[in-house]
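The structure appears right after this line, and notes come after that.
Numbered from 1 within each chain, the chains take letters A, B, ... in sequence-line order.
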Protein chains: 2
Amino acid sequence: MTLTTAEENYLKAIYHLSDGATKSVSTNDVAAEMKTKPASVSDMLRKLGDKEVIEYRKYYGVNITEEGKKRALQTIRKHRLWEVFLVEKLQFAWDEVHEVAEELEHIQSPLLIQRLDSYLNFPKFDPHGDPIPDEYGDVRARPRLALNEMDIDQSGQIVAVKDSSAAFLKYLDKVGAYIGARIKVLDKVEFDGSMEILVDQKKTLFMSKDVAANILAIQS
Amino acid sequence: MTLTTAEENYLKAIYHLSDGATKSVSTNDVAAEMKTKPASVSDMLRKLGDKEVIEYRKYYGVNITEEGKKRALQTIRKHRLWEVFLVEKLQFAWDEVHEVAEELEHIQSPLLIQRLDSYLNFPKFDPHGDPIPDEYGDVRARPRLALNEMDIDQSGQIVAVKDSSAAFLKYLDKVGAYIGARIKVLDKVEFDGSMEILVDQKKTLFMSKDVAANILAIQS
DNA sequence: TTAGTGTTTTAGTCTTGGCTAAAAATATGA
DNA sequence: TCATATTTTTAGCCAAGACTAAAACACTAA
Ligand SMILES: [Mn+2]
Ligand SMILES: [Mn+2]
Ligand SMILES: [Mn+2]
Ligand SMILES: [Mn+2]
């Protein structure tokens, strides 16, 4: 059973909202994610249910099926491989790739993806540090580590925060640290564990050990 | 004014049928080319007329406008650049690229095409020997020469025939020479101008000067 | 000049993926 | 438990792009 572009986009959204097919997802959440109205979502859920990529019980939200998970991961795989291509080969910036990949991921050609994968040397992560599922849908999660666990001169990228309180996020915003920022450890003070971090190759930032422990990064 | 994928496909078909925007094109011809019904074409012609990419007079066929020609050439440019990418970078065979390029040509991103062009080193011809329009829609036609004008050891590709009589085509068919075949001149007999041609790197073919003079090729 | 023939358009229908407004079901809390 | 609030679905509508059947038009040949 083939999925349309719209169906693929919905399924991908449901997969993400379900935290990797673990929790069930509400109509309203899907509508918010897809920037459509709940009424449109109800319609689409019925179709996806008929195609057996989700399990749909009216009024009780949806759960993605095994088949649906497989399909979603294929689309995600294609999306991320294209992102790697755009950054590595076509010199796109980091934040310019998502929109285009959102279109490219729907091109139907198994051969194309197989060859692209090989051409890119079978990358395991996309430019945002997200793992690229293999052709069977298996994902290798990249270890994330807190900033205070990194050593001097190590580089990486901020991918998440442990403490996501408004106060903390506001602080990060103020000092110019954001999800996706490329960072490098310039110094670590033995005495109190405070750190000096280079952000985006231009801005130097001092932070306490407490702050550093709440910022998660991937190494590069 | 943006065009939908369907509109781009129609416009490209009309451009091709009109021999590069020179002659007018009938509803039936478009229907045949697009493998749809004339009724569907009438509908689409009205839309393309409204968008002023064609001039549409009911019952009298269409002529492509300057704007339409520009749009069609942009789509053709994208199609052919992707074909080059697939063959040169992803090792696609010659005859495997068209379908995929037919999808890729609709990806909307000027930056993407600009970067792809540069990445491929600004190719002037696609894998089928067809010229790639530049970003302003200018086309550099590749010189075609008759086989008997080629020298020993030169390689190329058959792109057309001068004599398109059934008899000649039947003959070509029988000996395994076809539009698109890759050829190499193995020998040329001084005495009568007859030639020995290697077809598709496997089949050797002898032909008279008369025959050779009626086959057009591009060099590679 | 007109009848016939083939081409093209129109009218009406379908599917997909949107929308709004209204109805129905579920959840909450007094 | 029951009234109200929230969520979700249904009903009805729209646009794009297909289709079939029927009507309108253009061209040709008598
Ligand atoms: Mn997408
Ligand atoms: Mn990504
Ligand atoms: Mn196309
Ligand atoms: Mn081509």
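- Contact check, B/Tyr60 against C/dT9: no side-chain N or O comes under 4.0 Å of OP1 or OP2.
- Judged purely by distance below 3.5 Å, without hydrogens or angles, the side chains of B/Glu33 and B/His16 never pair a donor atom with an acceptor atom.
- D/dA24 atom P lies 9 Å from atom OH of B/Tyr59, rounded to whole Å.
- Going from atom CG of A/Leu48 over to atom P of D/dT9 covers 13 Å, rounded to whole Å.
- Remark: B/Tyr10 is not in phosphate contact with D/dA16, judged by side-chain N or O atoms under 4.0 Å from OP1 or OP2.
- Residues satisfying the ring pair (Phe, Tyr, Trp, His ring centres under 6.0 Å) criterion with A/Tyr10, sequence neighbours excluded, are absent altogether.
- A distance of 8.0 Å separates CD1 in B/Ile132 from NZ in B/Lys124, rounded to the nearest 0.5 Å.
- For the pair A/Tyr56 and D/dT9, the criterion of a side-chain N or O lying under 4.0 Å from OP1 or OP2 is met.
- Protein atom CZ of A/Arg46 is 11 Å distant from nucleotide atom P of C/dT15, rounded to whole Å.
- The interatomic distance linking A/Asp43 (CG) with D/dG12 (C1') rounds to 12 Å, in whole Å.
- Within the 4.0 Å cut-off from OP1 or OP2 of D/dC25, not a single side-chain nitrogen or oxygen of B/Lys58 is found.
- When the side-chain nitrogen and oxygen atoms of A/Thr27 are compared with OP1 and OP2 of D/dT9, one or more of them lie within a distance under 4.0 Å.
- Going from atom CG of B/Leu11 over to atom P of D/dG17 covers 13 Å, rounded to whole Å.
- Going from atom CD of B/Glu7 over to atom P of D/dA15 covers 15 Å, rounded to whole Å.
- Side-chain nitrogen and oxygen atoms of A/Thr4 include at least one within less than 4.0 Å of the OP1 or OP2 phosphate oxygen of C/dG17.
- Within residues 30-41 of chain B, the residues that have a heavy atom under 4.0 Å from DNA chain D are, in order of number, B/Thr36, B/Lys37, B/Ala39, B/Ser40.
- Rounded to an integer number of Å, the gap from CE of B/Met44 to P of C/dT9 is 14 Å.
- The side-chain hydrogen bond (donor to acceptor under 3.5 Å, both in side chains) analysis of residues 109-123 of chain B, with sequence neighbours excluded, yields the pairs A/Tyr119-B/Tyr119, B/Arg77-B/Asp117.
- For residues 126-137 of chain B, the pairs satisfying salt bridge (Lys or Arg N to Asp or Glu O under 4.0 Å) are B/Arg80-B/Asp126, with sequence neighbours left out.
- Proximity note for A/Ala6 (side chain, C-beta onward) versus D/dG17, D/dT8, C/dG17: the nearest is C/dG17.
- Atom CG in B/Leu45 sits about 15 Å away from atom C1' in D/dA18, given to the nearest Å.
- Residue A/Asn28 places no side-chain N or O under 4.0 Å from the OP1 or OP2 atom of D/dT6.
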With a cut-off of 3.5 Å and sequence neighbours excluded, list every side-chain donor-acceptor pair involving residues 43-57 of chain B.
unit_1  : atom_1 : unit_2 : atom_2 : d
B/Lys51 : NZ     : B/Thr2 : O      : 3.0
B/Lys51 : NZ     : B/Glu7 : OE1    : 2.9
B/Lys51 : NZ     : B/Glu7 : OE2    : 3.3

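- For B/His98, the ring pair (Phe, Tyr, Trp, His ring centres under 6.0 Å) partners are B/His79, not counting sequence neighbours.
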